[in-house]
Trainee: 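Below is a structure I'd like to ask you about.
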Amino acid sequence: MDRIYTNKDEVLKQGQTMIDKSLRQIIPSAELNTVEELIRGYEQRRKGLFGRLIEWYVFGKKPDNSSQADFNIAGVELKTTPLKRHPQKKYSAKERLVFSMIDYNDVVNETWEQSSFLKKNKHLLLMFYLWIKNKNILDYEFKYIYPLNLLDGISDEDIYQIQKDWEFIVAKIKRGEAHLLSEGDTYYLGACTKAANNTIVRDQPMSNEPAKPRAFSFKQQYINYFIQNKLLGNADANTNSIFKTLRRVETIEDRIKEIFSPYIKKNDRQILFMLGSNLQRKSKSYKRLIVNRILGINSNKIQEIEKANVTIKVITLEATGNLKESISFPAFDYFDLVSQTWSASRGDSMADFHYQLETKKFLFVVFQKQKGSDKIILKRTLFWNFPMKDLDEAERVWQKTVDCINEGRYSELPKMKDSSVAHVRPHGKNAKDTIETPQGTQEMKRCFWLNAKYIQNVIDNQNN
DNA sequence: GCATGATCATGC
DNA sequence: GCATGATCATGC
């Protein structure tokens with residue numbers, strides 16, 4: 001018989017009994033062997049088992065697969081989610097916070113206000129435990145128990161963005177593009193893939209294309225920001241908000257457009273004059289510094305850009321409109337790369353190419369050189385994320401890279417002419433900036449790049 | 001003119 | 001000291 005909870009406080013109080021405790025400490029010793037046996041049989045899906053063990057042993061609730069909130073009577077949805085140790089900040093988010101599966105057939109008939117997502121997740125009880133590699137799930141210790149009301153407990157700007165994210169995802173499914181959904185499409189609320197392997201697919205209502213099963217989730221950077229601010233109190237005094245002085249709610253995209261709009265079609269000197277700023281040195285980051293000034297930051301960061309995993313990229317077109325330079329990613333570690341698998345790309349390794357392509361949003365700030373002048377014009381800004389239709393090609397480049405490294409063929413790493421999408425090039429201080437390879441040799445630091453031509457095509461064809 | 005290799009500058 | 005973003009330099 002399930003224990004009945006009549007209100008949210010009771011659920012919270014019960015959850016709080018787990019602070020600094022692990023399951024092993026509360027499971028009756030007579031049942032421990034049985035549970036250990038159960039865990040051994042699970043291997044792959046241990047996380048689901050972990051949640052059910054918590055429900056049963058902490059809350060006295062029999063596991064079920066109901067799409068109702070976990071504590072129906074009290075209206076509380078329980079979420080257990082891992083923290084990992086962070087050298088400076090104590091803890092950070094290990095993963096996204098995953099909510100329920102997206103039912104492609106039902107969700108197209110919903111509005112945000114009446115969505116099953118909101119119904120189920122309005123009142124959350126977040127249980128953060130400390131994840132440690134190879135540790136038995138019975139020994140994970142809980143660190144924070146936090147009741148979160150989605151509509152009251154999150155700022156107006158954030159919940160507005162989350163609503164717009166939800167609506168974007170649903171609109172895409174309505175267009176028959178569920179198979180093209182990507183976490184990078186949206187800012188805080190993402191549609192993350194959720195399947196044990198790549199072969200599992202689902203039907204979608206507006207198209208015959210099979211689509212990967214996906215769930216709503218808070219993107220990893222968003223939940224991490226939550227952890228830093230609400231749990232750890234690491235409110236960064238060096239963080240600015242683009243909504244600071246604004247008295248209405250707007251999306252991140254609209255707000256950024258608005259901030260840049262007075263400077264569009266102006267040249268670098270005019271912009272600096274308008275800003276009352278002075279940057280004489282024409283260093284490689286000159287334009288990036290101008291962009292920072294426009295955004296009102298120096299070395300500090302913008303909260304929304306961080307939370308939404310947006311990467312700002314300065315793009316400089318030639319006077320002809322031609323783009324010369326490709327876009328670099330962080331340098332990779334040869335050992336890491338060969339140990340990764342393409343499909344198991346999760347937040348565990350945020351530097352992983354696939355993870356970045358599928359979760360990142362880019363803000364391109366496009367400048368253009370001018371014929372017969374050294375002035376540079378700010379042409380436009382655009383938001384972009386890597387489209388899922390090109391993911392197979394990116395995988396091919398990645399796979400070839402992995403093969404080359406495994407076989408020690410470093411001169412044959414994928415070049416620009418080998419792919420229309422991406423290639424591998426050096427990315428170090430200089431040719432002497434090397435790291436160790438699996439062969440025990442030293443190789444110069446390298447990274448993945450998105451081809452200049454590929455990005456040029458994006459800029460020429462995307463008008464937002 | 002472009003692909004590829006190489007390096008600079010900044011900020012943490 | 002190093003990671004990262006951005007661009008430079010060379011040779012075909």
Side-chain angles (χ1 to χ4, degrees), chain A residues 86-89 92 221 228 234 236-240 268 277-295 297-302 305-306 309-334 336-337 349-353 356 360-369 371 374 376 378 381 384 397 400-401 404 409-436 442-457 459:
Chain A
H86 189 283
Q88 287 90 38
K89 296 169 178 167
S92 63
Q221 269 76 1
Q228 300 311 323
N234 292 342
D236 191 353
N238 274 329
T239 305
N240 268 348
D268 54 333
S277 195
N278 200 6
L279 285 170
Q280 290 300 334
R281 317 229 331 256
K282 301 230 163 176
S283 73
K284 284 184 176 180
S285 28
Y286 173 62
K287 277 161 279 181
R288 179 51 186 267
L289 293 173
I290 293 179
V291 168
N292 283 352
R293 299 280 194 284
I294 291 174
L295 289 167
I297 53 173
N298 289 310
S299 66
N300 48 350
K301 299 188 165 166
I302 294 179
I305 298 284
E306 298 290 302
N309 196 14
V310 173
T311 299
I312 300 172
K313 291 283 183 185
V314 169
I315 306 261
T316 305
L317 302 173
E318 300 302 302
T320 58
N322 194 27
L323 175 61
K324 265 186 8 197
E325 304 296 345
S326 300
I327 288 185
S328 65
F329 282 68
F332 50 62
D333 178 298
Y334 294 105
D336 277 357
L337 201 59
S349 164
M350 309 224 309
D352 154 1
F353 191 43
Q356 298 217 26
K360 254 192 193 314
K361 181 71 95 177
F362 291 93
L363 169 57
F364 292 150
V365 182
V366 185
F367 289 86
Q368 185 163 13
K369 294 179 185 171
K371 220 175 183 172
D374 63 349
I376 310 152
L378 174 56
T381 59
W384 177 78
V397 173
K400 188 177 173 193
T401 306
C404 283
R409 295 182 282 117
Y410 292 91
S411 62
E412 294 167 41
L413 287 162
K415 301 192 190 308
M416 191 134 54
K417 62 175 165 49
D418 297 332
S419 167
S420 59
V421 173
H423 63 280
V424 171
R425 273 215 332 264
H427 193 202
K429 200 165 138 63
N430 56 43
K432 293 185 188 74
D433 192 8
T434 62
I435 48 170
E436 201 185 342
Q442 291 285 318
E443 275 291 326
M444 84 184 108
K445 290 177 184 164
R446 292 185 174 91
C447 73
F448 290 105
W449 299 70
L450 290 176
N451 294 0
K453 275 219 180 89
Y454 179 77
I455 297 300
Q456 168 121 53
N457 199 35
I459 290 171

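All values derive from a computational prediction rather than experimental measurement. All values below were derived from every heavy atom in this structure, side-chain atoms included, with hydrogens, water molecules and symmetry-related copies excluded. Quick note on labels: first sequence line is chain A, next is B, and so on, each numbered from 1.
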Trainee: Heavy atoms only, 4.0 Å cut-off, all strands: where does A:Lys445 land among base, sugar-phosphate and nothing?
Mentor: sugar-phosphate
Trainee: With heavy atoms under 4.0 Å as the rule, sort A:Lys453 into base, sugar-phosphate or nothing.
Mentor: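 A:Lys453: backbone/sugar contact only, no base atoms under 4.0 Å.
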Trainee: Heavy atoms of chain A, cut-off under 4.0 Å: which first and last nucleotide of DNA chain C, 5' to 3', fall inside that, if you could look?
Mentor: C:dA3 to C:dC8
Trainee: Taking the nucleotide of DNA chain C with the closest heavy atom to each, which residue, A:Glu325 or A:His427, is nearer the 5' end?
Mentor: A:His427
Trainee: Can a donor-acceptor pair be found, under 3.5 Å and without considering hydrogens, that links the side chain of A:Glu436 to the backbone of A:Gln442?
Mentor: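 It does not hold such a pair.
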Trainee: Below 30° counts as parallel, above 60° as perpendicular, anything between as tilted: where do the rings of A:His423 and A:Trp449 land?
Mentor: parallel
Trainee: Within the 4.0 Å heavy-atom criterion, would you say A:Ser411 contacts the bases, only the backbone, or no part of the nucleic acid?
Mentor: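 No contact.
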Trainee: Determine whether a donor-acceptor pair (N or O, by modelled atom type, separation under 3.5 Å) exists between the side chain of A:Arg288 and the backbone of A:Ile312.
Mentor: yes
Trainee: Please figure out whether A:Asn430 or A:Asp418 has its closest DNA chain B nucleotide nearer the 5' end.
Mentor: A:Asp418
Trainee: Could you tell me if the ring centre of A:Tyr410 sits under 6.0 Å from that of A:Tyr334?
Mentor: yes
Trainee: A:Lys415 near the nucleic acid: base, sugar-phosphate alone, or nothing, with a heavy-atom cut-off under 4.0 Å?
Mentor: sugar-phosphate
Trainee: Scan A:Arg288 against the nucleic acid and name what it touches under 4.0 Å (heavy atoms): base, sugar-phosphate only, or nothing.
Mentor: sugar-phosphate
Trainee: Please report the shortest heavy-atom distance between A:Ser328 and A:Cys447, naming the atom on each side.
Mentor: CB-SG, 4.0 Å
Trainee: If you look at every strand shown and take non-hydrogen atoms under 4.0 Å, does A:His423 touch a base, only sugar-phosphate, or nothing?
Mentor: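 A:His423: no heavy atom of the nucleic acid under 4.0 Å.
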Trainee: Angle class for the A:Phe448/A:Phe353 ring planes (parallel below 30°, perpendicular above 60°, tilted otherwise)?
Mentor: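 Parallel, since the angle between the ring planes stays under 30°.
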Trainee: Which part of the nucleic acid, if any, lies within contact of A:Asp433, taking any heavy atom under 4.0 Å across all strands shown: a base, the sugar-phosphate backbone alone, or nothing?
Mentor: nothing
